[in-house]
Each structure stands twice: as C-alpha cells, then as structure tokens.
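Every number for a ligand or one of its atoms is a count from 1 in the order of the listing.
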Amino acid sequence: MTKTRRDADRAMSWQQLQMMARGTVGDSDTSVVTDTRPKTKRPPLYKVLLLNDDYTPMEFVVAVLERFFGMSHAQAFEIMLTVHKKGVAVVGVFSHEIAETKVAQVMDFARRHQHPLQCTMEKE
Ligand code: TYC
C-alpha cells in the first residue's frame, strides 16, 4: 500500500509517541510532566482497642461491644474475656473517621455511666 504525502504528515514520529506515553510535551529542555495517572492509594486503617481495668463491670463491656461494634452477645462476651485476661484487644478496624467516632462513643458512654473503661485507636 502506497503512503501519500498527506498520510506521512499525519503519522506521528516515534519521538512524539514516546512523549505522549511519558506524558511530556515540548522540547526536552522544557518538558513538563503532564501524566495524570489516577493515584489510587487506599486510605490508612486504624485499630480500635479496648483496655482492661479493675472496675468496669463485665456486663457493661459486653453491652458496649454489642451496641457500638455490632457483636453478638457470644462474640462480645468472648472479646470482653480476652481483654480481661490479656489487658487489651482489637475490637475493630476502621477508617480514621469511623475509628475516631467509635472511640468517642465508647468513652462518652463509659463516662456517662461513671466507669473508667478506656478505648483508643492506633494506625494499623
Ligand atoms: N476487668 C474487669 C472486671 O473484672 C472487666 C473488664 C473487661 C473491664 C474488659 C474492662 O475492657 C474491659 N470487672
């Protein structure tokens, strides 16, 4: 197949193709990166921790785990016992905003009931 002069004019040079692939325009001196590959970094996750103490009633902790972490009674009892025996347990993993909300809800609920229960979060 014969290339006309117009076809040749329309064809892109290898250099032009490379510049497109790299996302650069202009002379090599003054090239600017224009590549806008979407950066899809997942947001960091945060562990919500429940801490043991000597005063908060076991049934109160079970109620907290049911109410704020959607656990069944059996699950909640199991996790409560883990905290009681080991001193701490992860009760959920969430985005920063959700983790912050959970911690605030638990701390407020404990304070209103005058229990010293402590709940914290840490980056996973
Ligand atoms: N150690 C408490 C008790 O013996 C029970 C308890 C469990 C407290 C878990 C806090 O996060 C906790 N009454």
Protein contact to atom 5 (C) of ligand 1 [nearest heavy atom, distance to 0.1 Å]: Thr56 O, 3.4 Å
From NE2 (His84) to CE (Met58), nearest 0.5 Å: 3.5 Å
Atom 8 (C) of ligand 1 [closest protein heavy-atom partner, distance rounded to 0.1 Å]: Asn52 OD1, 3.4 Å
Close N or O approach (His84, ligand 1; < 3.5 Å): yes
Numbered atoms and elements of ligand 1 in range of Leu51, under 4.0 angstrom, heavy atoms: 10 (C), 11 (O), 12 (C)
Chi angles and distances behind the ring pair (Phe, Tyr, Trp, His ring centres under 6.0 Å) call for His115, Tyr55: CA-CA 7 Å; His115 294 311; Tyr55 307 102; over 10 Å; no
Contact partition for Asp53 relative to ligand 1, non-hydrogen atoms under 4.0 Å: both
Contacting atoms of ligand 1, where contact means under 4.0 angstrom from a heavy atom of Leu117: 10 (C), 11 (O), 12 (C)
Parallel, tilted or perpendicular: ring planes of Phe109 versus Phe68, cut at 30 and 60 degrees: perpendicular
Side-chain touch Leu51/Val83, heavy atoms, less than 4.5 angstrom: no
Glu59 side chain reached by Phe77 side chain, heavy atoms, under 4.5 Å: yes
4.5 Å side-chain heavy-atom contact, Met121 and Leu49: no
Atom 9 (C) of ligand 1: the protein heavy-atom neighbour that sits closest, reported with distance to 0.1 Å: Val83 CG1, 3.6 Å
